2 protein chains.
Amino acid sequence: MPHNHDALLNHIKADMPSDELLQDLGDLFKVFGDTTRIKIMYALYEDEMCVCAIADLLKMTQSAISHQLKVLKAANLVASRREGKTIYYRLADEHVKSIIGQGYEHITE
Amino acid sequence: MPHNHDALLNHIKADMPSDELLQDLGDLFKVFGDTTRIKIMYALYEDEMCVCAIADLLKMTQSAISHQLKVLKAANLVASRREGKTIYYRLADEHVKSIIGQGYEHITE
DNA sequence: TCAACATATGAACAATTGCTCATATGTTCA
DNA sequence: TGAACATATGAGCAATTGTTCATATGTTGA
């Protein structure tokens with residue numbers, strides 16, 4: 001007969017966050033899981049930048065950057081402010097840096 | 001004429017990691033960007049587990065879990081040991097916990 | 001008010017991805 | 001050695017995703 005692990009499972013289940021939260025967690029990391037967005041976040045590491053500067057930096061279309069900034073903003077990873085025609089984006093909080101920092105450590109160790 | 005930001009860009013460029021490393025970072029987070037894999041990592045948070053226990057816990061196919069464990073292992077996020085017919089998986093290092101922890105904080109704040 | 005600039009957005013297409021199904025590999029025990 | 005169990009793997013399909021292209025929205029200054 002297949003081996004049984006009901007006792008273990010009941011214990012683990014009790015400590016697992018809700019499915020909804022786990023889904024949200026996955027969705028959050030999905031946002032980090034794209035090179036373009038990682039580059040954008042790195043570009044904003046030290047200071048805010050306008051959309052066209054980011055596009056220049058990454059040698060990508062303004063449209064492509066704008067789409068990705070929307071994704072980042074929806075995940076509360078960046079924030080923006082308007083100054084005339086220009087819109088400046090910046091990292092939203094310190095979690096962005098610490099998440100990227102931990103990932104960096106994992107890779108380079 | 002469009003506005004110029006060459007000076008800023010040169011400064012930022014100097015501080016950006018290589019494209020290859022940024023790609024690797026994106027690839028790493030891509031692994032975190034799936035609910036099934038997040039659930040697996042949470043299941044392994046406290047202790048090692050065998051494949052069929054994880055499949056039972058998540059009510060998913062052994063095959064599906066096995067495929068995902070392969071992805072997690074390729075990213076060095078889990079490690080495994082064999083004990084007879086059974087193979088036990090565990091989290092590979094502390095980065096897994098801190099990355100997930102930071103994500104959790106970001107979401108629940 | 002109109003032209004120029006900065007950014008946002010929707011549709012569409014190619015590429016990637018996670019699961020299923022069938023089957024292969026590896027291990028134990030009688 | 002062969003049957004039962006535990007896990008791994010390859011092909012295929014549906015769903016998701018990132019970019020492009022065309023165009024819309026918003027702002028400024030003449």
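Residue numbering restarts at 1 for every chain, and letters A, B, ... go by the order of the sequence lines. Quick note: numbers below take in every heavy atom, side chains included, and nothing from hydrogens, waters or symmetry partners. Just so you know, these numbers come straight off a predicted model, no measurement behind them.
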What nucleotide among [options] has an atom nearest to a side-chain atom of [X]?
X: Thr36(A); options: dA8(D), dT19(D), dT20(D); value: dT19(D)
X: His67(B); options: dT7(C), dT7(D), dC21(C); value: dC21(C)
X: Thr86(B); options: dC5(D), dT7(D), dC21(C); value: dT7(D)

Atom [atom1] of [X] to atom [atom2] of [N]: distance rounded to whole Å?
X: Glu48(B); N: dA6(D); atom1: CD; atom2: C1'; value: 15 Å
X: Met60(B); N: dA6(D); atom1: CE; atom2: C1'; value: 18 Å
X: His5(B); N: dC5(C); atom1: NE2; atom2: P; value: 13 Å
X: Lys85(A); N: dA4(C); atom1: NZ; atom2: P; value: 12 Å
X: Ile65(A); N: dT9(C); atom1: CD1; atom2: P; value: 15 Å
X: Asp27(B); N: dT17(C); atom1: CG; atom2: P; value: 8 Å
X: Glu83(A); N: dT7(C); atom1: CD; atom2: C1'; value: 15 Å
X: Tyr88(A); N: dA6(C); atom1: OH; atom2: P; value: 10 Å

Can you name the closest pair of heavy atoms from His3(B) and Cys52(A) and give their distance?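 So the two residues come closest at CE1-SG, 3.3 Å.
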
I need the minimum non-hydrogen distance between Ala92(B) and Asn76(B), along with the two atoms involved.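 Closest pair (atom of Ala92(B), atom of Asn76(B), distance): CB-O, 3.2 Å.
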
Between Gly33(A) and Ser80(B), which residue's closest nucleotide on DNA chain D lies nearer the 5′ terminus?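 That would be Ser80(B).
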
Can you check whether [X] has a side-chain N or O nearer than 4.0 Å to OP1 or OP2 of [N]?
X: Gln68(B); N: dC19(C); result: yes
X: Tyr89(A); N: dA6(C); result: no
X: Ser66(A); N: dT7(C); result: no
X: Arg82(A); N: dT27(D); result: yes

pi-stack flag for His3(A) and dC5(D), centroid dist under 5.5 Å, interplanar under 30°: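 His3(A) ring does not meet the centre or angle cut-off for dC5(D); no stack.
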
What I want to check is whether an N or O donor and acceptor connect the side chain of Gln62(A) with the base of dA6(C) at under 3.5 Å.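 Answer is no: no donor-acceptor pair is held.
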
Quiz question: going by heavy-atom distance under 3.5 Å, is there a donor-acceptor pair between the base of dT9(D) and the side chain of Ser63(B)?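 Result: at least one qualifying N/O pair found.
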
Can you label the angle between the Phe29(A) ring and the Phe29(B) ring as parallel, tilted or perpendicular, going by 30° and 60°?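 Geometry flag for Phe29(B) against Phe29(A): parallel rings.
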
Please round to the nearest 0.5 Å and tell me the distance separating atom CG of Leu8(B) and atom CG of Leu57(A).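 Here the interatomic distance stands at 8.0 Å.
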
Which residue lies toward the 5' end of DNA chain C, Ala64(A) or Asn4(B), if each is placed at its nearest nucleotide?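 The residue mapped nearer the 5' terminus is Asn4(B).
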
Is there a side-chain contact between Arg37(A) and Leu69(A) in this structure, where contact means two heavy atoms from C-beta onward sitting under 4.5 Å apart?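 Not touching, per the 4.5 Å side-chain cut-off.
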
